[in-house]
Amino acid sequence: MIDCTKWLCLLFFVLLLLKAEASYVPITFVQNAVTKGAVCLDGSAPAYHLDRGFGEGINNWLVQFEGGGWCNNVTTCLGRKNGRLGSSKKMAKQIAFSGILNNRRIFNPDFYNWNRVKVRYCDGSSFTGDKEEVNPTTQLHFRGARVFAAVMQDLLTKGMKNARNAIISGCSAGGLTSILHCDRFRALLPAGAKAKCLSDAGYFINTRDVSGTQHIEQFFSQIVATHGSAKNLPPSCTSRLSPGLCFFPQYLVSQIKTPIFFVNAAYDSWQIKNILAPGVADPEGHWHSCKLDINNCSPDQLELMQGFRTQFLRALTVLGNSPSKGMFIDSCYAHCQTEMQETWFRTDSPLLNKTTIAKAVADWFFERKSFRQIDCAYPCNPSCHNRVFEPQDQPEKNVTTKGTSDASSRNPNSWFPKLSNKGKWMELLCIKQWISGLLPILFILVSYSLKAALMVNYDLAGPSFCPP
């Protein structure tokens, strides 16, 4: 008699795989950028992934910048040089496009048919660095700003010069990129185009850690000095403040002329782990369990996190009341929410004012409705997808080389992240890029084997059915 439980489970598994909420897009290397000195840390060519628009979206462009932290000195940049965050030679040849990059209307109602681009991150400075000299010993290239220019030029030649609608966006360090380059992006496009900016988890704030040290301010200043970033930061800020401070959005967003939207968690998990309670400020590891899962935090730790939220909201006040500067600030323990399908647009996605992130961003972009919502304090929002990290996801004792979240090219150990509510980890299997090629083969094999097993079962014992 056929083992129905085994076959049903296997068929169910295959159907779940078929339900994968992402498409896979090949890499494009900007080879002519090398002659211009626009290269990754190791001197390799910059790269991006482009999924062409179609239908009414053929002249609309969404350019998303990858996240991945920063390096603040020669040592930490050498630590990135031979990995995907420092070399295009180490990048995956295709990556998953989900969330705001998804090409299916059901998952991305307003941007699914746009030209959607994912710019890979390999310079360690949020695309701001530019030093001509290359140390003969380390062979490190600090050329992030040139990479930005070269990629933009390549996209312009591929049709972005005819854009009618355009968005520059990014997650984490890429979200900071979309802030720092917002007006520069707008200047590249036709005067009649509607161009706006979107920052996801890129609003890093300047505040003290739990030891009372201004650790993140020192770190950002070191990034700017190491990469020679000062000349590529907004002059409206550097004319008033030291260049290191101009890496913090709170000191420059009021001067941005292009409309911009901020998606951020008030309890941003990366900022809690690396700005509020970095390893250097917590040598005995009192915050270790709390940073892995907010449910593990003690009352005293939660009080400090509420204080961080207060500081974060205070840093947002510089945005003023202009509807051109939108915001979706939820009370989740999360980091990067636009590229993950479950947080971008799904039946159980985070809500503010009964609105998903996808709808809030689209309503604001198309000027159907302004959106400026700040959530109540944790734990008031039951729709949150709070991250639960594995111990190996814990940051090092500083924030130098640890990458920020990225939905399309995670560390292999975090391909199956836990979500503290609903925990739909099966749907994240699509992150493994080989699945896309395996699915048809799996489906055919299962179908053929199931049919054969049923035929044998019928021939030997007559019709039979699975027991209840």
Side-chain angles (χ1 to χ4, degrees), residues 67-70 72 126 170-180 199-223 244-245 247-253 262-282 287-288 290-294 296-297 301-319 327-338 340 343 350 374-375 377-378 384-389 393-406 417:
W70 310 270
N72 64 325
S126 285
C171 149
S172 195
L176 180 59
T177 299
S178 67
I179 296 172
L180 296 176
S199 172
D200 178 10
Y203 206 96
F204 299 94
I205 67 168
N206 187 16
T207 190
R208 297 183 184 277
D209 60 34
V210 292
S211 71
T213 304
Q214 210 86 6
H215 176 75
I216 192 63
E217 182 178 318
Q218 299 170 17
F219 179 64
F220 275 10
S221 293
Q222 290 165 356
I223 295 169
L245 290 177
F247 227 59
F248 289 100
Q250 67 200 78
Y251 301 122
L252 59 95
V253 291
F262 299 93
V263 175
N264 230 104
Y267 308 89
D268 183 285
S269 58
W270 193 91
Q271 295 197 55
I272 295 297
K273 292 192 293 181
N274 295 285
I275 295 181
L276 178 64
V280 292
D282 181 35
W287 280 79
H288 177 79
C290 173
K291 291 190 290 187
L292 293 178
D293 184 347
I294 194 171
N296 297 335
C297 298
Q301 288 170 331
L302 286 174
E303 184 177 352
L304 287 171
M305 290 170 69
Q306 298 294 7
F308 178 86
R309 172 182 179 268
T310 299
Q311 293 289 324
F312 184 86
L313 298 184
R314 185 173 297 142
L316 284 175
T317 59
V318 297
L319 295 174
M327 64 180 75
F328 186 109
I329 311 298
D330 57 35
S331 61
C332 309
Y333 187 64
H335 184 71
C336 291
Q337 300 178 84
T338 60
M340 294 291 289
T343 47
I374 297 176
D375 208 353
Y378 174 86
C384 277
H385 287 239
N386 295 320
R387 282 297 304 272
V388 178
F389 295 89
D393 293 328
Q394 192 68 0
E396 304 296 333
K397 291 191 175 182
N398 54 47
V399 294
T400 54
T401 61
K402 184 68 178 179
T404 48
S405 296
D406 175 62

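The analysis underlying the following values was restricted to heavy atoms, covering all of them including side chains, and did not include hydrogens, waters or symmetry mates.
- Judged by distance alone, the side chain of Lys291 and the main-chain N or O of Ala277 form a donor-acceptor pair under 3.5 Å.
- Cys332 approaches Ala265 most closely through the heavy-atom pair O-CB, 3.2 Å.
- The main-chain N or O of Pro278 is never found under 3.5 Å from a side-chain atom of Asn274 such that the two would form a donor-acceptor pair.
- Taking 4.5 Å as the limit, every side-chain heavy atom of Cys384 sits out of range of all side-chain heavy atoms of Pro350.
- Under the side-chain hydrogen bond (donor to acceptor under 3.5 Å, both in side chains) rule, His335 has a single partner from Asp200, Asp268, Asn264, which is Asp268.
- We find the OG-CG distance between Ser221 and Leu245 to be 6.0 Å, quoted to the nearest 0.5 Å.
- Taking the six-membered ring where the residue is Trp, the centroids of Tyr333 and Tyr267 are separated by 6.0 Å or more.
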Asp293 and Arg387: CA distance, side-chain angles, deciding distance, side chain to side chain contact (heavy atoms under 4.5 Å, CB included) verdict:
CA-CA 7 Å; Asp293 184 347; Arg387 282 297 304 272; over 6 Å; no
Using the side chain to side chain contact (heavy atoms under 4.5 Å, CB included) rule, take Val388 and Leu292 through it: C-alpha gap first, then chi angles, then the decisive distance, then the call.
CA-CA 6 Å; Val388 178; Leu292 293 178; 5.9 Å; no
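- The side-chain heavy atoms of Asn72 and Gln218, taken from C-beta on, include no pair separated by under 4.5 Å.
- Atom CZ of Arg314 is separated from atom CZ of Arg309 by 12.0 Å, given to the nearest 0.5 angstrom.
- In this structure, the separation between OG1 on Thr207 and CD1 on Ile275 is 8.5 Å, given to the nearest 0.5 Å.
- Checking side-chain atoms of Gln306 against main-chain N and O of Tyr378 turns up a donor-acceptor pair under 3.5 Å.
- Contact of the Leu276 side chain with the Trp287 side chain is registered, since non-hydrogen atoms from C-beta on lie closer than 4.5 Å.
- Under the ring pair (Phe, Tyr, Trp, His ring centres under 6.0 Å) test applied with Phe247, the options Phe204, Phe220, Tyr203 reduce to a single match, Phe220.
- Here the closest heavy-atom approach between residue Ser331 and residue Ala377 is recorded as CB-C, 4.2 Å.
- Side-chain atoms of Ser126 come within 3.5 Å of backbone N or O of Ala173 as a donor-acceptor pair.
- Here the shortest heavy-atom pairing between Leu176 and Pro249 reads CD1-CG, 3.9 Å.
- Between Phe219 and His215, the ring-plane angle classifies as parallel under the 30° and 60° cut-offs.
- Note that CD of Gln301 and SG of Cys290 are 4.0 Å apart. Values are rounded to the nearest 0.5 Å.
- Looking at Ser199, its side chain does come within 3.5 Å of a backbone N or O of Gly175 through a donor-acceptor pair.
- Contact detail for Ile205 and Ile216: the closest heavy-atom pair is O-CG2, 3.8 Å.
- Environment of CD in Gln214: crowded, with over 12 heavy atoms of neighbouring residues, nucleotides or ligands closer than 6.0 Å.
- Between the CZ atom of Phe262 and the CD1 atom of Ile179 there is a distance of 5.0 Å, given to the nearest 0.5 Å.
- Remark: side-chain polar atoms of Gln250 are paired, donor with acceptor, to backbone N or O of Asn206 under 3.5 angstrom.
- Contact of the Met305 side chain with the Leu302 side chain is registered, since non-hydrogen atoms from C-beta on lie closer than 4.5 Å.
- At a threshold of 4.5 Å between non-hydrogen side-chain atoms, the residues Val280 and Thr213 do not count as touching.
- Summarising the geometry, atom CZ belonging to Phe308 is positioned 11.5 Å from atom CG belonging to Asp209; distances are rounded to the nearest 0.5 Å.
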Could you go step by step and tell me if Asp330 and Gln337 meet the side-chain hydrogen bond (donor to acceptor under 3.5 Å, both in side chains) rule?
CA-CA 10 Å; Asp330 57 35; Gln337 300 178 84; 3.1 Å; yes
